[in-house]
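For clarity, every value in this text was computed on a predicted model and none was experimentally measured. Below, read A as the first sequence line, B as the second, and so on, with proteins coming before strands; counting in each chain starts at 1.
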Amino acid sequence: MNEIIIDALGEACPVPLIKAQNAIKEMAVGDVLVLQVDHSCAMKNVPEWARKDGHNVEIEEVDDGEWEVIIEKA
Amino acid sequence: MNKIKEFFSKKGMKKAWGYVAGAVLLSVVQVITLASTGSPWGVSGPLMNWGAWTFRLFGGNVNNWHRFSSVGAQATLDAGFFSDPGTIRNLALIFGALLATLLASQFKIKKIKSKKQIIAAVLGGFMMGYGARLAAGCNIGALFSGIASLSLSGWVFALFLFFGAVAGSKILVKYFM
């Protein structure tokens, strides 16, 4: 199981979502993607897409206005 | 009572209201806007006036510009910044957004990542602003208020907004990611 971290801090929609989608394509089943974001819309549209795609998603608020969206590829 | 308490709690302030709640609130408030000010809700029109006022501040004269030559436009400019309902609404929009993010403890000053990001922001802002003026409205004045007024123009705007978004996304992915 690999863990990939993507720093999307300071990036506005739809950049975090596109980065996550591109990363997931390259990953194997069971790999984990940690997407760091500070754009509240990304905290909504990234999990929405990932759950629709069937992956496991968790959101963690790491600081004021800063989140980690953790996606396990399924 | 517990529901109200929960709503005003820290957790309640962080919770997003959802698309339906947002749509209903926007509809109700835009009806109030039209009824109280006599014009539908718009955002980029007042921003254009901000530009005219700034230009006047530096001694410029926009009175002969086609855009500002009408009696109505002259009256709005002469009445001044704080007499324009659209201007007050735009300021309130910024302060309201700030208040919401502060109440949710989600305020953060974001870092500028690269020069590319600055170019993208300036270029995108210019294209949106220029396009909104050519179309005589943005996605609020032309799209939202247009459709809410049962005008066909709102739907036409929506169609071309879609093409614009596709083109914008392609440029973004190709040059700015």
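- For a residue to count as touching a neighbouring chain, one of its non-hydrogen atoms must lie under 4.5 Å from one of that chain's; by this rule A/K19 touches chain B with backbone and side chain alike.
- Scanning all heavy atoms of the two residues, the minimum distance from B/K108 to A/L9 falls at NZ-CD2, 4.3 Å.
- For the pair A/P14 and B/L172, the minimum side-chain heavy-atom distance is below 4.5 Å.
- Taken from CD1 in B/I109 to CG in A/D38, the straight-line distance is 11.5 Å, to the nearest 0.5 Å.
- Within a 6.0 Å sphere centred on NZ of B/K15, other residues, nucleotides and ligands contribute 12 heavy atoms or fewer.
- In this structure, A/V34 is not a member of the same hydrophobic cluster as A/I59, with clusters built from ILVMFWY side-chain heavy atoms closer than 4.5 Å.
- Annotation for B/F7: atom CZ counts as buried by contact number, over 12 foreign heavy atoms lying within 6.0 Å.
- Neither the backbone nor the side chain of A/D63 comes within less than 4.5 Å of any heavy atom of chain B.
- Residues A/K44 and B/A16 approach most closely at NZ-CB, 4.4 Å, considering heavy atoms.
- Connection of B/W65 to B/W50 is established within a shared hydrophobic cluster, with ILVMFWY side chains joined at heavy-atom distances below 4.5 Å, either directly or through further cluster members.
- Under 4.0 Å is where a charged nitrogen must lie from a carboxylate oxygen, and between B/K14 and A/E61 at least one such pair does.
- Under a cut-off of 6.0 angstrom, the local environment of OH in B/Y175 is sparse, with at most 12 non-hydrogen atoms contributed by other residues, nucleotides or ligands.
- Taking all atoms of both residues into account, the shortest heavy-atom contact from B/M177 to A/I18 is CE-CG2, 3.6 Å.
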Could you walk me through whether A/E11 and B/Q117 pass side-chain contact (heavy atoms from CB on, under 4.5 Å), step by step?
CA-CA 8 Å; A/E11 313 254 40; B/Q117 217 178 21; 3.7 Å; yes
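- Rounded to the nearest 0.5 angstrom, B/Q106 CD and A/H39 NE2 are separated by 12.0 Å.
- One hydrophobic cluster, built from ILVMFWY side chains closer than 4.5 Å, holds both B/I171 and A/V15.
- Sparse packing is recorded around CD of B/E6, with 12 or fewer heavy atoms of other residues, nucleotides or ligands lying under 6.0 Å away.
- For B/K113, the part lying near chain A is the side chain, with the backbone staying farther off; criterion is any non-hydrogen pair under 4.5 Å.
- Note on A/L17: it clusters hydrophobically with A/I24, by side-chain heavy-atom contacts below 4.5 Å among ILVMFWY residues.
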